[in-house]
Amino acid sequence: MAAATGDMPTYQIRAPTTALPQGVVMATSPGSLHSPQQLAEEATCKRELRLMKNREAARECRRKKKEYVKCLENRVAVLENQNKTLIEELKALKDLYCHKAE
DNA sequence: TGCTCCGATCGTCAAGGAGC
DNA sequence: GCTCCTTGACGATCGGAGCA
């Protein structure tokens, strides 16, 4: 199923040149000595680099989240065991107390 | 066997925070 | 203010399970 804008997902391969109308050159760009084509190439490179970094960051983020969830699950298991043990201990003490009281 | 549904995973966008 | 990082949200894709 495609996005409402057409047959291409909105986020995909959106040309960086869309930020500026065609033929418009940024007057105060740091590399003002570059031709418009060079500027476009630079923008493309920057975008690709950013996407690549974010891709990696997202992977790492998901890995950390998974690890965190696993830790929490382990903790739950440990606490459940502790709880079980304490309940049994309490039961045993109650039994002992009852028999002594008789 | 083709179809549908569902959960997992991925890439991307956008917002917000931190450091400079 | 700008840049970079982190992360929630979203849509796309894939693989497996269940069904007609």
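Below, chains carry the letters A, B, ... as their sequence lines are ordered, and counting in each starts from 1.
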Under the salt bridge (Lys or Arg N to Asp or Glu O under 4.0 Å) criterion, do A:R63 and A:E60 qualify, and how do the steps go?
-> CA-CA 5 Å; A:R63 191 192 62 76; A:E60 179 65 10; 2.8 Å; yes
At under 4.0 Å, does any side-chain N or O of A:R59 touch on OP1 or OP2 of B:dC10?
-> no
Between B:dT12 (C1') and A:L51 (CG): distance, integer Å | 7 Å
Return the value, rounded to whole Å, for the distance between atom NZ of A:K53 and atom P of B:dT12.
-> 15 Å
Distance below 4.0 Å between A:R55 side-chain N/O and B:dT12 OP1 or OP2 | yes
Gap between atoms CG and C1', on A:N54 and C:dT7 respectively (whole Å) | 9 Å
Pairing of A:K64 and A:E67 as salt bridge, 4.0 angstrom limit = no
Between C1' of C:dT6 and CZ of A:R63, the distance in whole Å | 14 Å
C:dC2 C1' sits how many Å from A:R50 CZ, rounded?
-> 15 Å
Which whole-number value in Å describes the distance from A:Y68 OH to C:dG8 C1'?
-> 15 Å
Checking only heavy atoms, does the side chain of A:R62 share a donor-acceptor pair with the base of C:dG8 at less than 3.5 Å?
-> no
A:E60 CD to C:dT7 P, in whole Å, measures 9 Å
Would you indicate, yes or no, if B:dT9 has its OP1 or OP2 atom less than 4.0 angstrom from a side-chain nitrogen or oxygen of A:K66?
-> yes
For A:Q37, does the CD atom sit with more than 12 other heavy atoms under 6.0 Å from it, leaving out its own atoms?
-> no
Straight-line distance of A:R59 CZ to A:N54 CG, nearest 0.5 Å | 11.0 Å
Which whole-number value in Å describes the distance from A:R47 CZ to B:dA14 P?
-> 10 Å
State whether A:K64 places a side-chain N or O below 4.0 Å from either non-bridging phosphate oxygen (OP1 or OP2) of C:dT7.
-> yes
